[in-house]
Amino acid sequence: GPIRVAGSPRDVRAESMAGDVEIAASTPSLRAKSASGTVLLRGSAEDATVSTVSGSVLVQGGKFQRGRFESVTGDIRFQGDIDRAGSLGFQSHSGTIELRLPATVAADFLVSTFQGELDTDFWSGKMSSARELRGRELAFTTGRGGAQVAVRSFSGRIVLRKLKK
């Protein structure tokens, strides 16, 4: 069934097979899983691991120091910020990965896809078509760099957007 957590717990561990997991909390440590349900995180965590098999991962707001967000076929949508010394990883086999980060984010990005399309506001290099990116990696730095952001997809679309103020 569904799981809902709210407040400021010291540690969150939530797992559901078919239900949605909703966390509206700020916590140092977070582990959330669902096989087929959506995992929704409203808040922040110093260290977060969120995963699904076929459900979506939705992160709305907050700042993260370390995080790993994974889904096999579901979409991953992240809207938040990363600590300058932080590290975020996003991985999906066929779901869309969409990141909305502050325009001023200082990070080193490593984006890789085998068959998926890539659409980014952060990288201004020449990119004429997604076909040229098949089986390639794209590495770039925003601001002075610092934070590490890794995005990997086999066939899902990758979208990197600047948050509007």
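Just so it is clear, the structure is predicted and the values come from calculations on it, not from any experiment.
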[X] versus [Y]: any side-chain heavy-atom pair under 4.5 Å?
| X | Y | result |
| --- | --- | --- |
| D47 | L30 | no |
| F69 | I97 | no |
| L58 | T38 | yes |
| Q115 | F154 | yes |
| F78 | L88 | yes |
| K63 | I82 | no |
| T96 | R77 | yes |
| L99 | F90 | yes |

TODO: Step through the shown structure and confirm whether more than 12 heavy atoms of other residues, nucleotides or ligands are within 6.0 Å of CZ on R31.
DONE: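 Yes - once you tally the heavy atoms of other residues, nucleotides and ligands closer than 6.0 Å, there are more than 12.
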Open item on the list: For T73, run the side-chain contact (heavy atoms from CB on, under 4.5 Å) check against S36, S155, S54 and tell me which one passes.
Closed with: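 Going through S36, S155, S54 one by one, the side-chain contact (heavy atoms from CB on, under 4.5 Å) with T73 is satisfied by S54 alone.
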Task: Residue among R68, E15, E70 satisfying side-chain contact (heavy atoms from CB on, under 4.5 Å) with S51 - done: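 Of all the options given, the one that passes is E70.
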Task: NZ/NE/NH1/NH2 to OD/OE distance under 4.0 Å, D119 and R161 - done: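 Yes, D119 and R161 are salt-bridged.
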Treat each ILVMFWY residue as a node, draw an edge where side-chain heavy atoms are under 4.5 Å apart, and state whether [X] and [Y] are in one component.
| X | Y | result |
| --- | --- | --- |
| V5 | V21 | yes |
| V57 | V72 | no |
| L40 | V50 | no |

Look at the side chain of [X] and the backbone N and O of [Y], then say whether any donor-acceptor pair between them is shorter than 3.5 Å.
| X | Y | value |
| --- | --- | --- |
| S34 | V39 | no |
| R42 | G62 | no |
| S92 | S153 | no |
| S26 | G43 | no |

Open item on the list: Distance check, rounded to the nearest 0.5 Å: D81 atom CG versus Q65 atom CD?
Closed with: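 Going from CG on D81 over to CD on Q65, the span is 12.0 Å.
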TODO: Starting at CG of L160, measure out to CG of L118 and round the result to the nearest 0.5 Å.
DONE: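 One gets 6.0 Å once the value is rounded to the nearest 0.5 Å.
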Task: F122 ring center near F109 ring center (under 6.0 Å) - done: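 Distance test on ring centres: under 6.0 Å, yes.
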Less than 3.5 Å apart, any donor N or O on the side chain of [X] or [Y] sitting next to an acceptor on the other?
| X | Y | answer |
| --- | --- | --- |
| D11 | S29 | yes |
| D108 | T141 | yes |
| S71 | T52 | yes |

- [ ] Each residue besides M17 in its hydrophobic cluster should be listed here, by chain and number; the cluster joins Ile, Leu, Val, Met, Phe, Trp and Tyr at side-chain heavy-atom distances under 4.5 Å.
- [x]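 None, because no other hydrophobic side chain comes under 4.5 Å of this residue.
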